[in-house]
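Notes follow the structure.
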Amino acid sequence: MKETVNILDFLPEELEEYINPMFRVKQIYQWIYQKYADNFLEMTSLPKNLREKLNENYHFNPLKIIYKEQSKDGSIKYLFELKDGLRIESVLLPMKEEKFDEKGVKIAHAKYTICVSSQVGCKSGCSFCLTAKGGLKRNLSAGEIVAQILCIKKDNQIPYERRVNIVYMGMGEPLDNLNNVSKAIKILSHNDGLCISPRRQTVSTSGLANQIKKLGEMNLGVLLAISLHAVNDTLRNELMPINKAYNIASIMQAVREFPIDQRKRVMFEYLLIDNINDKIDHAKELVKLLNGIKAKVNLILFNPHEGSFYKRPNLENAIKFQDYISSKGITCTIRESKGLDISAACGQLKERKKNELA
Ligand code: SAH
Ligand code: SF4
């Protein structure tokens with residue numbers, strides 16, 4: 001069978017070169033992203049010969065659901081297979097339940113966040129992360145990133161206009177795949193597509209300072225999250241070898257220069273690991289580092305995995321840590337362990353299923 005091209009890889013202006021007039025491209029976009037069509041042949045507002053031509057040359061299903069698992073808290077973790085047989089994970093996280101009044105009329109919609117992968121594997125080599133284990137296999141294309149959101153919305157029948165937040169916190173380092181990630185951000189935010197504003201999309205990075213600068217220069221309007229995890233370079237070098245190339249000072253400098261909406265803040269993720277970085281002295285250093293930055297802190301409790309050397313901190317210490325940061329006027333949350341019972345952190349479902357589903 002002839003190899004077809006993933007149409008999700010293209011912005012409308014790029015498709016116009018092959019498909020015209022432009023309003024046809026707009027219709028195709030709407031069929032795919034808004035009406036959740038399953039194939040080109042059912043796009044009945046298009047002329048038959050165009051539908052056939054599209055069917056011969058393109059596809060928009062680069063992912064196969066290999067496995068999905070629902071946690072008690074409602075989050076659903078997906079294991080997808082790509083066309084070349086490699087596998088990635090994504091997670092649907094329900095943030096708020098829908099609400100009904102006493103007559104049973106819906107008064108508030110459910111709110112969702114989707115956590116997507118940007119690479120197969122990762123080359124950053126963080127010592128606590130399972131994704132780091134096999135190194136980097138390859139970058140995901142823009143269309144493979146977009147497909148994770150499309151597929152999850154479709155699978156859960158979430159109407160296209162129901163806004164979801166996107167976090168690039170699945171497998172991989174998004175800023176090591178900046179071209180495709182930035183393109184995915186644009187495709188996802190397109191008005192004829194899923195309309196997910198860049199302000200609802202958060203790029204999480206291990207701190208590639210030069211790439212943070214480039215992302216800022218693109219002025220996309222996305223939000224930034226920094227996986228800091230340590231407050232001095234000695235410890236950070238140990239936890240995150242990428243720190244040897246971009247130390248804490250260089251990351252902070254890049255963050256200070258990053259363009260961000262007046263009302264928004266840069267999120268600093270801080271992975272609490274028992275007896276390594278969870279003491280009040282660390283919290284004090286963290287507050288000093290964030291001085292002058294519009295920041296919020298998200299504490300993550302280390303999620304142990306097989307063979308991991310580190311331990312999960314106790315909740316009491318985490319709360320003390322949180323209280324200290326909050327007392328200094330910095331918003332600080334503890335990330336709920338959503339999906340802990342379903343292998344929460346990135347890379348863990350894939351690893352667990354590797355043998356079972358091989
Ligand atoms: N590469 C990017 C985005 C993907 S990782 C980054 O590092 O920011 C998303 C988040 O999961 C990061 O904050 C990462 O530190 C965290 N993480 C990795 N392994 C984890 C584990 N075992 N337990 C809890 N969080 C983990
Ligand atoms: Fe890569 Fe992020 Fe995992 Fe580090 S934490 S290895 S940067 S995916």
Side-chain angles (χ1 to χ4, degrees), residues 75 77 88-91 93 113-140 145 148 166-178 180-181 184 201-209 211-212 215 222-230 235-246 251 254-255 266-274 276-278 296-313 318 333-352:
S75 56
K77 192 146 190 169
I88 52 163
E89 293 177 23
S90 327
V91 192
L93 302 150
T113 294
I114 299 178
C115 173
V116 293
S117 293
S118 55
Q119 297 182 310
V120 187
C122 183
K123 67 174 183 215
S124 294
C126 303
S127 58
F128 49 80
C129 175
L130 204 51
T131 302
K133 252 177 89 180
L136 175 68
K137 295 270 174 10
R138 72 168 171 89
N139 281 334
L140 293 183
I145 297 170
Q148 296 170 58
I166 310 295
V167 291
Y168 295 83
M169 293 184 186
M171 300 166 70
E173 168 50 56
L175 295 190
D176 190 36
N177 184 16
L178 183 56
N180 295 344
V181 167
Q201 303 190 46
T202 303
V203 174
S204 172
T205 177
S206 53
L208 278 59
Q211 298 295 88
I212 296 174
L215 178 69
V222 277
L223 304 179
L224 184 65
I226 305 288
S227 292
L228 193 65
H229 308 339
L235 179 60
R236 202 164 189 274
N237 287 346
E238 219 174 276
L239 296 176
M240 308 176 76
I242 190 77
N243 195 68
K244 291 175 194 149
Y246 305 103
I251 298 171
V255 169
V266 173
M267 184 202 279
F268 284 83
E269 294 164 274
Y270 191 91
L271 182 67
L272 287 168
I273 308 174
D274 186 49
I276 301 273
N277 63 356
D278 61 343
K296 59 181 177 186
V297 173
N298 192 213
L299 301 175
I300 313 170
L301 305 186
F302 172 68
N303 197 33
H305 44 83
E306 215 182 281
S308 71
F309 168 75
Y310 303 114
K311 287 212 298 282
R312 193 173 176 80
T333 47
I334 299 182
R335 187 186 292 174
E336 287 176 64
S337 305
K338 279 197 179 289
L340 194 60
D341 55 323
I342 56 162
S343 347
C346 62
Q348 297 195 12
L349 182 66
K350 178 169 174 265
E351 195 61 24
R352 189 154 69 70

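Nothing here was measured: the structure is a model prediction, and the numbers come from that model. Counting starts at 1 for both ligands and their atoms, in listed order.
Counting the atoms of ligand 2 from 1 in the order shown, those under 4.0 Å from a heavy atom of Ala132 are 6 (S). Within ligand 2, the atoms closer than 4.0 Å to a non-hydrogen atom of Cys126 are 4 (Fe), 5 (S), 6 (S), 7 (S), numbered from 1 in the order shown. Within ligand 2, counting atoms from 1 as listed, the ones closer than 4.0 Å to a heavy atom of Ser206 are 7 (S). Close contacts between ligand 1 and Tyr168 involve ligand atoms 3 (C) [criterion: under 4.0 Å to a heavy atom]. Numbered from 1 in the order shown, with element, the atoms of ligand 2 that lie under 4.0 Å from a heavy atom of Ser124 read 1 (Fe), 7 (S). Close approach of ligand 1 to His305 (heavy-atom distance below 4.0 Å) involves ligand atoms 22 (N). For ligand 1, the atoms closer than 4.0 angstrom to any heavy atom of His229 are 13 (O), 14 (C), 15 (O).
Of all the heavy atoms of Cys122, the ones lying under 4.0 Å from any atom of ligand 2 belong exclusively to the side chain. Both the backbone and the side chain of Glu173 come within contact range of ligand 1, each with a heavy atom under 4.0 Å. When non-hydrogen atoms are compared, ligand 1 lies under 4.0 Å from neither the backbone nor the side chain of Met171. With a heavy-atom cut-off of 4.0 Å, Thr205 touches ligand 1 through its backbone alone.
Counting only distance, with no hydrogens or angles, the side chain of Asp176 and the backbone of Cys122 share no donor-acceptor pair below 3.5 Å.
Of all non-hydrogen atoms in Pro174 and Tyr168, the two that sit nearest each other are CG-O, 3.7 Å. Nearest heavy atoms, Ile88 versus Leu140: CD1-CD1, 3.9 Å.
Separation of atoms CD (Gln119) and CG (Leu136) is listed at 5.0 Å; rounding is to 0.5 Å. Separation of atoms NZ (Lys311) and CG (Leu272) is listed at 14.5 Å; rounding is to 0.5 Å. The structure places CD of Glu269 at 10.5 Å from OG of Ser206, a figure rounded to the nearest 0.5 Å. Between the CE atom in Met169 and the CG atom in Asn298 there is a gap of 7.0 Å [rounded to 0.5 Å]. Atom CZ of Phe302 sits about 10.5 Å away from atom CG of Asp274, to the nearest 0.5 Å. Taken from CD1 in Ile300 to CD1 in Ile334, the straight-line distance is 11.5 Å, to the nearest 0.5 Å.
Side-chain atoms of Thr205 and Gln211 include no donor-acceptor pair closer than 3.5 Å.
Remark: Asn237 engages Asn243 in a side chain to side chain donor-acceptor pair (under 3.5 Å) (not counting sequence neighbours). Residues satisfying the side chain to side chain donor-acceptor pair (under 3.5 Å) test with Ser90, not counting sequence neighbours, are Gln148.
Here the shortest heavy-atom distance to atom 5 (S) of ligand 1, taken over Gly170, Cys126, Ser227, Pro304, belongs to Gly170. Residue Asn303 holds the heavy atom nearest to atom 23 (N) of ligand 1 of all those in Leu239, Val203, Asn303, Thr131.
When only interatomic distances are considered, the shortest N/O to N/O separation between Gly172 and ligand 1 falls below 3.5 Å. Residue contacts with ligand 1: Ser204 is placed with a nitrogen or oxygen under 3.5 Å of a nitrogen or oxygen of the ligand (distance criterion only). Between Arg335 and ligand 1, no N or O atom pair is found at a separation short of 3.5 Å.
The shortest separation from a heavy atom of Gly172 to ligand 2 is under 4.0 Å, placing the residue in contact. Within the structure, ligand 1 lacks Ser124 among the residues with a heavy atom less than 4.0 angstrom away.
Counting backbone and side-chain atoms alike, Cys129 contributes an N/O/S atom closer than 2.8 Å to atom 3 (Fe) of ligand 2.
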